[in-house]
Each structure stands twice: as structure tokens, then as C-alpha cells.
Amino acid sequence: MQYKAWLSGQSAARRIAAHMRQPEIMVFVPALSLVAFWLGGSQALVITAIATPMFLMLAGAIDLTNTGQEPSLGQRAQIVAVLERAMREAPLTGRSTACLVLQFDEMDKLVNRHGRAAQAAVLAQTAERWVAMVREGDVVVQIEGGGFAVALAPVQRLDLEAVIQMAARLQGALAIPFSVDAARIYATVSVGFCLSARAPKQSGLALLEAAQIAADEAAHHGPGAIRVFSAEMARISADRDAQREELELALDEGQIRTYFQPQISTDTGTITGFEALARWHHPERGLIPPSEFLPKIEAAGLSERLGEVMLFNALSALTVWDKAGFNVPRVSVNFSCAELRNPKLVDKLKWELDRFDMQSTRLCVEILETVVAYTADDVIVANLAALASLGCQIDLDDFGTGHASITSIRRFPLRRLKIDRSFVTRVDADREQQKMVSAILSMAEQLGLETLAEGVETPAEHSMLAQLGCNEVQGFGIGRPMPLAESSEWITRHISRKTTFPRIGGRIRQGPAPL
């Protein structure tokens, strides 16, 4: 009974405190001062005028951190405290809150293109826009990583649709470009949020972390995505973090290794180079195919780390072949968009070439056709131009599978087109395949580009491609991807066989060969 009475007293005290925190309580201060003057004269008036505000401040009616006159930009600790108080008072007031986390899409791209000063200016102007537009009592906070968090002032009815509308309004505030040093900068944000009623725990910190998880999920589906927190999302986020740790460990411990696939001339049969390909030797699952782990590498933001490993191993392989007396003109390495967007790429590449005392002409940079299709990225365009000026060969990989136009192809300093294997399969027997390959080869010839066909698996395909005029071939029919140790043996066997190879044939000038 005493415990129930104590709980009742505590509950009553909390209800009184909650009412005392309402701004409307301040209207009674003048009336209270007037009563004090009637009863006790001027001395009572002075005491009441001083003591009443102090009492109300201690009770929480006056909040010095947020006066309610206008929203302000606060700190992470403040927003946690605001959310904590709102959730603690929810059973008494019947009001609920929500937390939104907003993350800029491709902020690294903005920094690479415009610099850190521009990033700071965009963040400052963003804060001004959002602080000016949110409701009275909302709190806007800049958090680590260049993002923002917003705590909504508690209201009686806060549903999913209302928060989605708020998220869309915050995104819309960035529709007008930012002006930084006479430059117009466009930016978008992805938004994740969580309603207080759906928080994994009833605490301010848990609510903020749930919104952060939702924001991370939105960023994976961005730009400009909006996601609401769910328990399943938390599991996915945990799995993603564990997957990243596993991939980092694989890169650090050398589980992801470099294999090499040969490329040969259709005219002479000589080796023209090797392509460096990534293979993951998992300690438990065995050999994992690239199609399974490469997208995960990209999603985890580890493409540049993988690129560093592949480049080092590729240049190391050239050194090994040179010491063995083999004539391998060049090695090809695939470069991801993340690497090509790095303004320091050329400097890093020069350092690696100097480190191995290797001529730049022996490195071939392979880029996907999807990269060429997006020519608006000036950093990529500048990097490829600088690499070509340095002497590196630029290859367009998987040609024919993307959406690159001739205009976009000509904007890049390409030297060779790699015809995708989908056009090569059964090219010896399929007239339509021959027509497609002939068209690609004719276009390449007119543009002054060399050609290499991928996925060659049979002597008949090899022969037909040679007759159609393709310069080089690569595929299982020539040689499978192999570790560096096995490549030396393959080169030795190929050289010994090459002396017995008949000339495959000259180029067909008048259409495809008859079936």
C-alpha cells in the first residue's frame, strides 16, 4: 500500500511538472505579482517578480536552451536529451515525437569536385534553410559524418504520413542550388526516420540510432530516398557491418587474390598481355565467384582498397615475367568508378609505377561502358585524359552491353574496345552474331580503335573472329584465369606451341563468312 501511494505521489508530481513546463503557465505571472502587491505592498511585488521566474525555470517552464521563439542548431547530446524527455513524458502528455536523420548523397563527390571549403559552406547553408523552415520546438542537429538529425516537437497525433511529409519538405528545401564562390552546387539528401512508438527501446539514444539505421538504408537506395525504421532493417544493417568486416579481413589477409588471363593476337598468335582478375579464396566456403563478391565490395565502399591490391599484384607480375625473360607487353587492370573519381588517382598511379620502375605504357586501364555513358563527371574525364597522357592504354570493357553513345566514346581517350562475350558466343555458327561483331569492328576501325573479343571458348570462334578482323582474343579457349605461379608455365607452353600454329586467316572483307 505504501509503495502504491508512493507511485501515486510520483505520478502526480510528474503530471504537475509536465503542466508547469507548458509555456501557457507564464500568463499567470503578472496576475500573481498583482495579488502580491495588493496583499503585501511593493516589497512583496519585488520578491514575487524575482522569485516566480526562478521557480518556474527550476520546474522546467522556462527552457534556456530552446526558448520556443525560433528553432536553433544544437549538438548531438542536446537532441538525445530532447528525445529522451519527450519519450519520458509521453505517458503523461499523450504526445509523441520522431527523429529524422538526413545524409547527403555523394558528399565525397562534392568534396572531390569543389573542395572542403565548399562542403563547409553547403553544410552551413543547409542548416540555415532547415532551421528556418522547421516548426517551433523542433530541434536541428548536425551529427558526425556531415549529416543532420531533427527531433520533432511532441504532438498529439504524429503518424507515418506526417513524418514522410516533413522529410519531403526538408528534401525540397535543397532544391534551390547552393551558391559557393560564384559556383552553383546541387545537393540531395536521403532520409531515415523512426517514430518514438516504434523505437527498439524507449530512450532518446535508441530513437536516434534507429533513425540512423533507416538513413543508412535510405542511402543504399538513394539518391533522395526515404526509409522508415523497422526491426528487419536493424538486422540487415548488422549483417552489412559484419559483411564489411569479413571483406576487410579478406583483403588484409590476402584471401582475395589476383589471377591472370592471357590475351593473344589473332594475326600472329603472340601474347599481347594479361588481364588481372580478382578471385576470393574463402577459408571455409572455398572459391567464391567474382559475380558474388564484387558487388558486395562496391556496396561496402572497398572498391579503392581492392583496386590497390590488384594494381600492386599486376605490376608485381610484370616484374616476375620480365625477370623470367618473357615478353609480356602489358597487363590490364579494371578501375572502378570510385577509383576514377579520386582526384589523386594519377599521382598515386605515378608513385606505383616509379616504385616498380615500370613504364606507364605497360599498364592498361579498363573501364566499364557504364562509366563512359555518364560523361558529366568532370573528375573521371580529367583522370582518364591524364592517364592517357601519361602513356597508359585505356580499354572500354564489356562493349555493347551498356548505353554509351559514339559521342561519349569519342570524349574519352580510348585505345581499344573489348567486345562482350554475349556477341562472341557461337559467332562461328550464328549469322546474326557475325553481323553484330562485323558492325562493331567496322565502327572501331572508323574510330581508329583496336578490338579484343572476350569469352572465346572454341577454335572455331577464334578463327571466325580473326577472319572478321578482330585484333585480339581472350577466353577459356585461349587460357583460363590462373595464379601468377601457373602463368609462367602457360607462357612457356604457348611459346612452344606457337611455332606450329597455322595462320588462322585474313579478314573477311565482304560480309560474314557463309554458314
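- Looking only at side-chain heavy atoms (C-beta outward), L315 and L353 come within less than 4.5 Å of each other.
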Problem - Derivation and outcome, side chain to side chain contact (heavy atoms under 4.5 Å, CB included), residues D252 and R305 - result: CA-CA 10 Å; D252 292 340; R305 175 75 177 92; 3.1 Å; yes
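- With respect to C392, the side-chain contact (heavy atoms from CB on, under 4.5 Å) criterion is satisfied by exactly one of V346, L349, T361: L349.
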Exercise for the section: Apply the test side-chain hydrogen bond (donor to acceptor under 3.5 Å, both in side chains) to residues R116 and Q119: give CA-CA distance (whole Å), side-chain angles for both, the deciding distance (0.1 Å), then the verdict. Expected result: CA-CA 5 Å; R116 292 288 178 185; Q119 177 194 27; 3.2 Å; yes
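- L452 has its side chain within reach of Q474: a pair of non-hydrogen atoms, C-beta onward, lies under 4.5 Å apart.
- T492 is linked by a side chain to side chain donor-acceptor pair (under 3.5 Å) to nothing, counting only residues two or more places apart in sequence or in another chain.
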Handout entry: CA sep, side-chain torsions, deciding dist, call: R184, Y186, side-chain hydrogen bond (donor to acceptor under 3.5 Å, both in side chains)
Key = CA-CA 7 Å; R184 291 164 62 87; Y186 289 88; 3.1 Å; yes
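- Exactly one of I143, V101, L123, V189 qualifies for a side-chain contact (heavy atoms from CB on, under 4.5 Å) with F148. That residue is L123.
- Residue L102 is tested with V140, T126, L170 for a side-chain contact (heavy atoms from CB on, under 4.5 Å); the sole match is L170.
- Here the side chains of L311 and L363 are in contact, with some heavy-atom distance below 4.5 Å.
- D420 and S422 form a side-chain donor-acceptor contact under 3.5 Å, judged by distance and modelled atom types alone.
- E248 pairs by the side chain to side chain donor-acceptor pair (under 3.5 Å) definition with R244, not counting sequence neighbours.
- Residues M443 and L449 have side chains not in contact (no heavy-atom distance under 4.5 Å, counting atoms from C-beta outward).
- Counting only heavy atoms from C-beta outward, the side chains of P283 and Q255 approach each other to under 4.5 Å.
- Under the 3.5 Å distance criterion, with hydrogens and angles disregarded, no donor-acceptor pair is assigned to the side chains of S442 and Q446.
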Problem - Test side chain to side chain contact (heavy atoms under 4.5 Å, CB included) applied to R416 and S332, step by step - result: CA-CA 12 Å; R416 184 170 63 178; S332 301; 3.8 Å; yes
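- In this structure a side-chain-to-backbone donor-acceptor pair under 3.5 Å is present from T266 to C470.
- When the shell of 6.0 Å around CD1 of I176 is examined, it contains 12 or fewer heavy atoms from other residues, nucleotides or ligands.
- Ring geometry for W490 against H494 counts as parallel: the plane angle stays under 30°, on a 0 to 90° scale with 60° as the upper cut.
- By the 4.5 Å heavy-atom criterion applied to side chains, L414 and F399 are not counted as neighbours.
- The side-chain tip of R129 points at the ring of F178 from less than 6.0 angstrom away and within 45° of straight on.
- None of I394, L396, I380 except one satisfies the side-chain contact (heavy atoms from CB on, under 4.5 Å) rule with F412; the exception is I380.
- Contact annotation: the side chain of M436 never approaches that of I419 to less than 4.5 Å [non-hydrogen atoms, C-beta and beyond].
- Salt-bridge formation is not detected for the pair K296/E246: no Lys NZ or Arg NE/NH1/NH2 atom is positioned less than 4.0 Å from an Asp or Glu carboxylate oxygen.
- M358 has its side chain out of reach of E352: every pair of non-hydrogen atoms, C-beta onward, lies at least 4.5 Å apart.
- Using a distance-only test at 3.5 Å, with no hydrogens or angles considered, a donor-acceptor pair links the side chain of R362 to the main chain of V328.
- No more than 12 heavy atoms of other residues, nucleotides or ligands sit less than 6.0 Å from atom CD of Q359.
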